[in-house]
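Okay, so here's the structure we're looking at.
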There are 2 protein chains.
Amino acid sequence: MVSRRNQSVTVIDVAREAGVSKSSAARVLSGRGSASPATQRRVTEAAQRLGYRPNALARAMVSGSSHTIAAVIPDVANAFFSATLRGLTDAARSAGFEVIVSNTDNDADVEARSLELLAEKRADGFVVAPVFQDAPEAITRLVEDGTPVVLLDRRMPALADLPLVSVDHVGASRLATEYLIELGHRRIAIVTEAPDRLTDLRELPPDAEISSLRPSTQRLLGYVQALDDHGVELDQDLVLESDYDAGSARAAVSAALDAGLGFTALYCTDAIVTLGAYNAVADHQVAVPDDISFIGFDDQEWTTLVRPSITVIDQPRHELGSAAATRLLAQLRDIDPDERDLRLPAHLIPRESTAPPR
Amino acid sequence: MVSRRNQSVTVIDVAREAGVSKSSAARVLSGRGSASPATQRRVTEAAQRLGYRPNALARAMVSGSSHTIAAVIPDVANAFFSATLRGLTDAARSAGFEVIVSNTDNDADVEARSLELLAEKRADGFVVAPVFQDAPEAITRLVEDGTPVVLLDRRMPALADLPLVSVDHVGASRLATEYLIELGHRRIAIVTEAPDRLTDLRELPPDAEISSLRPSTQRLLGYVQALDDHGVELDQDLVLESDYDAGSARAAVSAALDAGLGFTALYCTDAIVTLGAYNAVADHQVAVPDDISFIGFDDQEWTTLVRPSITVIDQPRHELGSAAATRLLAQLRDIDPDERDLRLPAHLIPRESTAPPR
DNA sequence: ATGAAAGCGCTAACAT
DNA sequence: ATGTTAGCGCTTTCAT
């Protein structure tokens, strides 16, 4: 009740106020150990009166747990990561953990510094969407020191033994491609920002390695697989390569349209690329879905607003974050998970931009 | 170099390894106090060898500063707040601070718990976009305890003496309204989710109080002011009231369109309301900008993608966050700011959806 | 310049 | 059930 300017009220203050020993006060305040109903009451009331607020720092020092997890991601302002972060914080909170965020902008040095800094702050565990780099030493250092790390949606070969929570990118692309095939399309173009050469993709070790590919590459792979499965011939010319920016995608699709490659469907493997591709299609006044069926990536707001609305592959972002947190928390509690990796399915949301070819 | 499984290497370990006393090691490790070049080297090398990582928790305990600031916001997944958070983390980082995020979902209880929890973790300061409520006791409690708090974009009357960093909402609306007036529009409709009655708005104490109004109300006020300033009559019928959701805005605009109110321009005061209004306009096949000029709020991606592209009011989100952080950090350093409140200007981005009335 | 010792606020044996 | 004591890892007087 009293609002005094307390630099901070400690257990000792409470103990004194309650007329008991420090440890008695500590016992009731922390809820462990035994205390008589009498002291219980006196301490509680004293704490209340003084406005006692436990010092989590001190607690963390002795308990060895800060009840904080670190999220190290490329960019919170990016819709994918902000939604994921939300899932992460939600799951963390319900377990009594807070999360501290750090943006890397896909810079390896920044990532390394962030990890180091958060490790100094004694984060109990890390969820990291790592920068693509050969030797993520900062991460391995953490792991060696016994700090739990869960990878988010990306894994480098050097991190092969770390648990990963990701979207099933291969499946996502199969979903899109098969949907188009079932509609009757045969000449299906794909816009990809995968840096890998397509030829490398068709002779892959069936499983484990796949998760060490970039998401974009996995998506390209899903397309190739779906085509193969359904006996549709893969035409290299229909693999439109783009950088990771809308302008580049726009140019790539524009060029493809000009080239008269005769494709009847276009599948975009990424949000930003979808943007550029959509612009190119609009520029060329192509009729969608009459001339070309269009599938975008990520259920962005605008895809429901344009006419025709756009069929998209939706990633379970929130769930991705909460799964990562849950996975990490389990590790903190030394619970062995059923599977090391978690691979969440994407969904196809059919809208107006897809139809059978004319 | 050595990668041993160190539960954690402490100053003592380093001191022993370097063959000096604990305090000597601590001195060079913390960079304060004096040490001979010799010990300096020996300690540094020992630390390096052992892979010493300072324990920020312990440091915080004794120094009284955790170098952490808390961001308590409605929802990170919301584009406005995620962009703001990015600005916040950027500014914080460059000052050596990390930020820990908490979502309130505009729930007063959740907010109170978050604040309490983060206070227990001894965040050095708080940036909070408070839930609208009469008695934000959790916040005042912090302030009473001497913890720096900066308000983000919202302020309740009860929090009148706290520093505020916000967008100039009144100015934002004046910008939009005046732009339309200058184009020649006289019948300008506004879509608002402000709960306040319009009549209350025209007799306001000129300044201070304004910042205690909700953003939506301030935006409505700017519209009224611009109209007044330019001698354009305010027509109550053109104030379209909506709830804070797209469906409601869609219905409101739809009804207005049906009612034949004869407005030639429509200004939407909020991102979500812009969405609904846009849908209504599309539903009714109104020609934009020929029949109606349209101004949206927030520079959302889709506003550049639809045809015609949409003229919008753009809020300086990133800057808002960095300004809030900077303001808070100044307070932490006991620097008196020039002004208590910071009011960042919004900008108008002219695109295709606005034109002179026919 | 260096070491010894106290203490930040808390928990956890250990006695009593 | 309660009190005494040690100690988490660090910084900071205070001597030397």
Side-chain angles (χ1 to χ4, degrees), chain A residues 6-44 46-47 50-68 117 119-124 145-147, chain B residues 6-44 46-47 50-68 117 119-124 145-147:
Chain A
N6 37 10
Q7 184 42 40
S8 78
V9 179
T10 75
V11 218
I12 298 197
D13 299 323
V14 175
R16 183 166 23 229
E17 173 84 9
V20 298
S21 79
K22 176 187 164 185
S23 37
S24 287
R27 268 190 286 265
V28 358
L29 257 18
S30 69
R32 324 164 188 280
S34 41
S36 75
T39 32
Q40 198 122 9
R41 196 178 47 74
R42 307 184 60 187
V43 171
T44 312
L50 263 32
Y52 170 75
R53 179 148 52 200
N55 184 331
L57 255 31
R59 282 197 171 158
M61 279 237 50
V62 10
S63 74
S65 163
S66 61
H67 280 246
T68 301
L117 218 62
E120 291 183 0
K121 294 212 168 151
R122 295 306 188 260
D124 290 334
D145 288 357
T147 308
Chain B
N6 36 14
Q7 184 42 39
S8 77
V9 179
T10 75
V11 220
I12 297 197
D13 299 322
V14 175
R16 183 165 24 227
E17 172 85 7
V20 299
S21 77
K22 176 186 165 184
S23 33
S24 287
R27 268 190 287 265
V28 357
L29 257 19
S30 69
R32 326 164 187 279
S34 41
S36 75
T39 32
Q40 198 124 6
R41 197 177 46 74
R42 307 185 60 187
V43 171
T44 311
L50 264 33
Y52 170 74
R53 181 146 52 200
N55 184 329
L57 255 31
R59 279 193 173 161
M61 280 236 49
V62 10
S63 74
S65 163
S66 62
H67 280 249
T68 301
L117 218 62
E120 292 183 359
K121 294 213 167 150
R122 295 305 189 258
D124 291 334
D145 288 357
T147 308

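Quick note: numbers below take in every heavy atom, side chains included, and nothing from hydrogens, waters or symmetry partners. The structure presented is a predicted model; accordingly, all values stated were derived computationally and were not measured. In what follows, every chain begins at residue 1, and chains take the letters A, B, ... in the order their sequences are listed.
Residues that satisfy the side-chain contact (heavy atoms from CB on, under 4.5 Å) test with B/Ser34, not counting sequence neighbours, are absent from this structure. The salt bridge (charged side-chain N to carboxylate O under 4.0 Å, His left out) search around B/Arg59 returns none, not counting sequence neighbours. Legend: residues meeting side-chain hydrogen bond (donor to acceptor under 3.5 Å, both in side chains) with A/Ser36, ordered by chain and number and at least two apart, are A/Thr39. Under the side-chain contact (heavy atoms from CB on, under 4.5 Å) criterion, B/Ala26 pairs with B/Val11, not counting sequence neighbours. Partners of A/Thr147 according to the side-chain hydrogen bond (donor to acceptor under 3.5 Å, both in side chains) rule, which considers only residues two or more places apart in sequence or in another chain, do not exist here. Take B/Asp124 and apply the salt bridge (charged side-chain N to carboxylate O under 4.0 Å, His left out) test, not counting sequence neighbours, and it matches no residue. Applying the side-chain contact (heavy atoms from CB on, under 4.5 Å) rule to A/Val28 yields the partners A/Ala35, A/Val43, A/Thr44; only residues at least two apart in sequence or on another chain are considered.
If one axis is set at each end of the helix from C/dA1-D/dT16 to C/dT16-D/dA1 from five pairs, those axes are 40° apart, to 10°.
Atom OG of residue A/Ser8 and atom CZ of residue A/Arg53 lie 9.0 Å apart, to the nearest 0.5 angstrom.
Residue pairs that meet the salt bridge (Lys or Arg N to Asp or Glu O under 4.0 Å) test with at least one member in residues 18-42 of chain B, sequence neighbours left out, are B/Arg41-B/Glu45.
B/Ser36 comes within 4.0 angstrom of the backbone, heavy atoms only, and of no base.
Following rounding to the nearest Å, A/Asp13 (CG) and C/dG9 (P) show an atom-to-atom distance of 8 Å. Computed from coordinates, the B/Arg41 CZ to C/dA1 P distance equals 17 Å when rounded to whole Å.
Nucleotides of DNA chain D that come within less than 4.0 Å of any heavy atom of chain A span, from the 5' end to the 3' end, D/dA1 to D/dG9.
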* Base-contact (B) and sugar-phosphate-only (S) positions in nucleotides 10-16 of chain C, heavy-atom cut-off under 4.0 Å, - elsewhere -> BBBB---
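The closest side-chain heavy-atom distance from B/Met61 to B/Arg122 is not below 4.5 Å.
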